[in-house]
Each structure stands twice: as C-alpha cells, then as structure tokens.
Amino acid sequence: MAKFVKSKKYEWHFENIGGSTRVKIVSGSDIEHLGELDPKMWTVLSCPVSGLEIDEASLRYADNDNDGKIRVNDILATSKWLCSIVENPDILLEGRDNVLLTDFKKDSAEGQTLARTAKQVLTNLGKSDSQSISLADTVDVAAIFARTRFNGDGVITVASSDEAEDKAAVNAIITTMGSVADRSGAEGVDAAKIEAFYTALEAYKGWNDAKVDAPYGEDSDKLFDAYKALDAKVKDYFLRSRLAAFSPASAAALDIQTSRIEAISSENLLSRTEELASYPLSHISAAQELDLKAGINPVWAARFEMIRKVAFANASSMTEEDWNAFGRSFDAYSAWKASKVGAEVEPLGLQTVEELLSQDRKAALLELVEKDLALKSEAESIATLDKFLHLLRDFGRLLRNFVTLQDFYDKNPVTSAVFQCGTLIVDQRACHFCMKVADMAKHNAMAPASGMFLVYCDCTSKSKPAKLQIVAAVTVGEVGDLTVGKNAIFYDNSGCEWDAVITKVIDNPISIGQAFWSPYRRMAKTVENLINKRAADKDAEIMKEANAKINEGPKLAGTGPDGKPVQALPFDIGKFAGIIAAFSVALGAIGTALVSVAKGLGALNWWQVILCILGILLAVSGPSMVMAWLKLRRRNIAPLLNANGWAVNASSRISILFGESLTEIARFPKLKLKDPYAAAGLATWQKVAITVAVILAVLVLVVLWLCNMFAWAGLPTPLHCCGC
C-alpha cells in the first residue's frame, strides 16, 4: 500500500475553482510527488470503477486491490508504477494512446522488458520497422498471437504441431473433454485436459476388457430397464396376494377400487396416468402366482409384456420366486455396467480408443504444453504492456477528475468530466451537465442538498437493450414545461440517441430572474385553482338545484278565481334583494379601497409613486430573490457524486456565471417573419401606437378626474385636498 510522505520542499501549483482552492496537476513532476500531497487537499477520495465516461479497462487497471473502487492509495500506486517505467513522466498528462520504444526508462528493468515486449508484438503483427506501439496493437490479443504456435498460456491447439497424430489427439480431447480458450482465440487443451483424457482412455479400455456377456443378447439393456421399473410393482402384487390369503375378507379392499376409477372416469385418463399407475399390477387373489394371461394394469402392460415374451414365453403363470430368479439373471451384467469408467470417451467408439492408446501421443502433447509455458513471462509482459498503454492514455484525465475537478470547470466546451454522460435536449434547452444514476434511493436522499433544479429521466434506445437513468441540471431559463411525463431526447457521449421521459423534478431556483416572477406565478396559480374550485362547486350546486326542481315538478301558488291551480312565479326579485345588497356593499368596499389607494398616491410626488411601486415589488419578490441568490451561490455537485458512490472531499460549487455554461437556451435570429396563419389585422407599429395612445388618454382622464374636472358630470374628485 502506498504511503503519504509529508514534505514542504515540493512546490505545488494551486487554483481557485468551484469555490475551493485546489491543487493543479501541470507536470510529470507533480505526478512523481503525489505521495507528498496531503490527502486533505485531494478533491476526491474514491470513485467507482464502473459508470464513468472513461475506458473501464483503464479503471480496472488502476484499481490495484480489485474492490470496485479507485481510492487515493490506488492512484498513488499507479502513479509510482508509471513513473518508474517512463523516461519523462510529462507524457502521462498528454493523453496519448501510443508510446515510442525510446520512451521507456533505460535504467528500469521493467521498462526495458516492456520495450522488448513491444518490439516482439510489433514483429508478430508484421510491423517490425515501427518505432512506436499503440493501444490498438495490444487490444486485439488474438491478432498478436495469430501467427505464433506458442503464446505462454499453457494451452495448445491443432496448430501447435505438424504431426497428424497429434492433431487427431487434440481434436479427440476437445470433442470428449471440452476445450480451453487459447490466447489466439482458438480452441485448445491444457495439461489437465490431456491427463484426464488419457486416463479416461485407459479406464474405458480396461472396463471393456472385463466385459460380461449379456444374458439376453441385444435386448438385455431394455429388459433390465423394464425389470427395474416393474420390480417394486410386481413385489407389491405378491405382497397383496399373500395378505389376501391371510385375510380373505380383505381381498376386495386390496384389489382395484371401482370408486377410484369412477371418480376420474369423466376426465381425460391420459392426464391421470400417475393415478392409474398407483393401482395394483393385476387383480388380487389369494393365489400365490400371477396369471400371465390375465389383464395387466395398462400403465405397466407394455414393459411387462416385453419381459413375458422373453423370460416367460412358455409359461401361463409366474410366482414371486420366478420373478426374483429373472432379476438375478442380470446380477453379473448389471454389476459390470455399474462399474463403467471412462464414459467421457465412449462416444469415440472402442476402436478409436484402442488406436489412440496404441499411438500414445500423451508425452508428445505434454511436451508441447511445456514449450508453450516457456513463453509465459513474455506473454504476461504483453498484458502488462496493454495495461501501461491504457493508463498512458487515461491516467492524466483520471487525475484531473480525482485530485481536482479540473475537467469539469474547464472553459473549453469540448472538455467534460468523467461523470458527465451526455446532453439532454428539453424545452428548447441543451443541458450539458447530465449524470448516470447508479442508485435512485441515494439520489432521493441526497440530491435536494445540491441546491440545483434537477430533472430525472428514464432513457431507452433501439440500439441498446438496457434502460438508462440520468439526472440533468437545468441552470438557465425559466421552469417552463419541465414537468413529470414530458418527453425529451438524450444524446450520450458516443452520439447515440435515447428517448427520454422526465420521471422526477427537484425544484430549486434556476436564476434570480426566475425567482422574481415565481411569487406571481404561485399567486396566479393559487387564484386559478381557487376560481376553478369555486366554479366547479357553483356548477355542482346549480346542477343539483336544477335536478331537484326538475324532479319536483312545477310548484303551485294556490287556486285562481276560477278554482284552477295557479303555478308559482319562476323568479321572485324579493328573494334576491339581500344578494344584490351584499353585492353592492362589496363593490362599495372595493371602490372605497381603490379611492383610498388613489388618494394616497395622489398625495405623493411622481418619484415617490415610483418608489412606492418598487417597494411593493420588492416586498413581494424580494424574499424569493434573496433566497434564490443564496441557493444559487450554494449549488454544489458533491451530493450528486456522493449519491453515485464517490467520496468527494471538497465543496464543488456551481456559480451563477459557470451555471450559464452548463445549459444552453435556443436563440433565434432577429428576423421579420410573417406567420401565414396569423389573423389579419393592424401592423405591429400601429398596434403599439394605439396602445400608447390609449394609455395616455387613460392617464389624462385620471388626472382630470383627480383635479375635479368632471364635477359637472357628477364625478367629483376623491382627493378633497387637491388644489386643482
């Protein structure tokens, strides 16, 4: 395990990003001294191996203890190993997927071993003149070993020998014992398979040499199987017969019960063979023998008839001793059959088994395996070379996302962090900060602490069978139509298109502007809901009354002069006097309130009126804007990373300015375009002019009214103190 060594001698470079001071890795020398960096200064302490936008093979190579997590000690051990085999550690930050043979450290034994291995790989691939090797050259291991007979894995194939007998033996082993995958990708065999095969050949030959003659020729196996199937049933019959002889009165109970047959007679008897098989083999009598001409239970009849034709062809009855004697005739044969060994090679046939034993290629095949194993160290070096090339390409990026989150805060729009999985297009926005969701339960618990407006989506693609869950941060614009159920499109980093549907929204401020209007939206929503509720209640009340009146029929007011009934009037204004009076009082109260407001405003100077209006706006929107400002300053991606299994060691905030780079809003050019479906009417400038004129006219009328200019019309000014 790598250890930290605190030192004040090495000078680190620092930067302030995401609201925290962080170490910046800028050179190979920084990588060499990572062990001296205080772990408290690391931005990340661990991250998962899977689910990141980086080659998982590289992450597995960096996971030294194979626990599925990359921790600080894994990073230190990997950096120490890489620096020990390269001449210039600066190349570890370049993200190259190829290395010159001269880049390996000359005074490093492992470095020179990798250099020789790289040269051998290039030779195997027909690139002996090349002075550099790339990751593509080592990824295809099969291509490296395709032209070689031996590759150090201890597995030989039919191509490992030119001898026809060796090839035949290898094929026979693969056919009977199974194969082992060779590094070249071909099927092969190893020493264990060879040993097991020749042991099976010897055992099978010895078993056949001890063969016992079958008592009934070619039919012996069939008869023996029938005997084993019937043995318990026949003995059950004779036991019932003996019991019937002992107790004649119980004979009927021991025989087939008619009631049992009647119970299933209406069913399809083919589906009740298990029930039928439980009936006695034949009718029970006190006789101690089985009448071979009597009826046999249909379920057992075919197998019993097979035995009767061979063993009891000339007999009319069979005793229990006859049956036991028939069974004993198989003792020697069945014992030999039960002792079978080497059954794996039986499909080859006895003749082929004897030929393979006579050729005896076991020693030759094992010698080929030894030749192959002699190259084990060279083959393992190829795997190490592949590890080195993976880490050469990806280790620098891993450091930028581990020691610091430099890639996430990079101003280059092309650069993205390893946890950013693509772009979500929704509501005329492109959300670039999208993460895969590894554990929804953890996100439910931790995501609200991020302070961001988040949308969770389920994504499906025709080209990929698995469903993908993502979370996207919306950092610019209004809430708009971002609601559960809204469809969107997600593009992953490989360009694959996914159908996305919003499944959850975590509501937090998106911007200060959005926060300014949010109280009015909430009030409008509340009023709208209230109006809808009152309208629905009133509609229900009216419908209830209407239905009641319809059901009651016309009401009678009494009897007329002619003695006929008179229908009541449908409407009585007196009944509504109270309602009208209440309505008038309400209008009066509203008017009084408006007059009071107008009177108060009239007593102020024009600039005081403006300040008053601004004060009202601030009183309504101010708290929401202040809270939004505080939350926007605290937006933090650490809770989202922690929910995905990361151990984030430092706050990673998203400022308002940085947030604007994470979400793009559609911006259309300013063009004069005519809507072909727009209603015919005035031009825009005419509408503006009329609107301005109407507003000015209203203002003039209000001013004249306040100055008591309409007293002649019975509209005195509400401002009795006005000097107009």
Side-chain angles (χ1 to χ4, degrees), residues 57 113-130 133 135-205 341-389:
T113 298
L114 289 178
R116 290 191 297 271
T117 302
K119 188 66 177 176
Q120 183 61 49
V121 169
L122 292 171
T123 301
N124 290 351
L125 295 175
K127 302 179 180 180
S128 56
D129 295 334
S130 178
I133 188 168
L135 184 58
D137 295 327
T138 61
V139 167
D140 191 357
V141 177
I144 297 174
F145 294 111
R147 302 181 185 181
T148 60
R149 290 188 176 184
F150 306 112
N151 49 42
D153 62 353
V155 178
I156 60 173
T157 67
V158 291
S160 299
S161 174
D162 293 328
E163 298 293 333
E165 292 178 348
D166 291 345
K167 294 177 182 293
V170 171
N171 279 324
I173 297 172
I174 292 173
T175 301
T176 58
M177 312 299 290
S179 64
V180 179
D182 184 69
R183 276 200 176 107
S184 65
E187 291 184 328
V189 297
D190 57 10
K193 293 283 186 187
I194 296 170
E195 292 282 2
F197 177 71
Y198 279 95
T199 299
L201 289 179
E202 292 283 356
Y204 185 73
K205 172 106 175 21
V341 288
E344 302 92 338
V345 298
E346 186 175 20
L348 296 175
L350 182 59
Q351 183 178 352
T352 302
V353 169
E354 291 174 342
E355 288 178 359
L356 289 168
L357 284 172
S358 64
Q359 292 169 0
D360 192 17
R361 303 304 300 172
K362 176 181 176 181
L365 296 181
L366 291 175
E367 185 178 349
L368 292 174
V369 171
E370 289 299 322
K371 287 183 179 180
D372 189 89
L373 287 172
L375 299 174
K376 181 178 180 180
S377 60
E378 181 181 337
E380 289 177 347
S381 292
I382 295 176
T384 304
L385 180 62
D386 182 67
K387 171 184 176 180
F388 168 76
L389 289 171

Check: Asp372 side chain, Gly152 main-chain N or O, donor-acceptor pair, under 3.5 Å: yes

Point-to-point distance, once rounded to the nearest 0.5 Å, from CG of Leu348 to CZ of Phe197: 5.5 Å

Residues forming a salt bridge (Lys or Arg N to Asp or Glu O under 4.0 Å) with Glu346, sequence neighbours excluded: Lys340

Glu370 CD to Ile156 CD1 distance, which is reported to the nearest 0.5 Å: 11.0 Å

Which atom of Thr157 lies closest to which atom of Val170, heavy atoms considered: C-CG1, 4.2 Å

Shortest non-hydrogen contact between Thr123 and Ser128, atoms and distance: OG1-CB, 4.0 Å

Closest heavy-atom pair and its distance - Ser381, Thr117: CB-OG1, 3.1 Å

Reported CD1-to-CG distance for the pair Ile194 and Leu365, which is rounded to 0.5 angstrom: 4.5 Å

Under 3.5 Å donor-acceptor, Lys193 side chain and Met177 backbone: yes

Check: Asp153 main-chain N/O paired with Lys376 side-chain donor or acceptor under 3.5 Å: no

Interatomic distance, Ser179 atom OG to Asp190 atom CG [nearest 0.5 angstrom]: 10.0 Å

Leu366 vs Glu195 side-chain heavy atoms within contact, under 4.5 Å: yes

Thr176 OG1 to Leu201 CG distance, which is reported to the nearest 0.5 Å: 7.5 Å

Shortest non-hydrogen contact from Pro347 toward Ala343: CD-O, 3.6 Å

Verdict with supporting geometry, Val158 and Asp166, side chain to side chain contact (heavy atoms under 4.5 Å, CB included): CA-CA 8 Å; Val158 291; Asp166 291 345; over 6 Å; no

Rounded distance [0.5 Å steps], NZ in Lys167 versus CZ in Arg361: 12.5 Å

Shortest non-hydrogen contact between Leu356 and Ala172, atoms and distance: CD1-CB, 4.1 Å

Contact summary for Thr384 and Leu114, nearest pair of heavy atoms: CG2-CD2, 3.8 Å

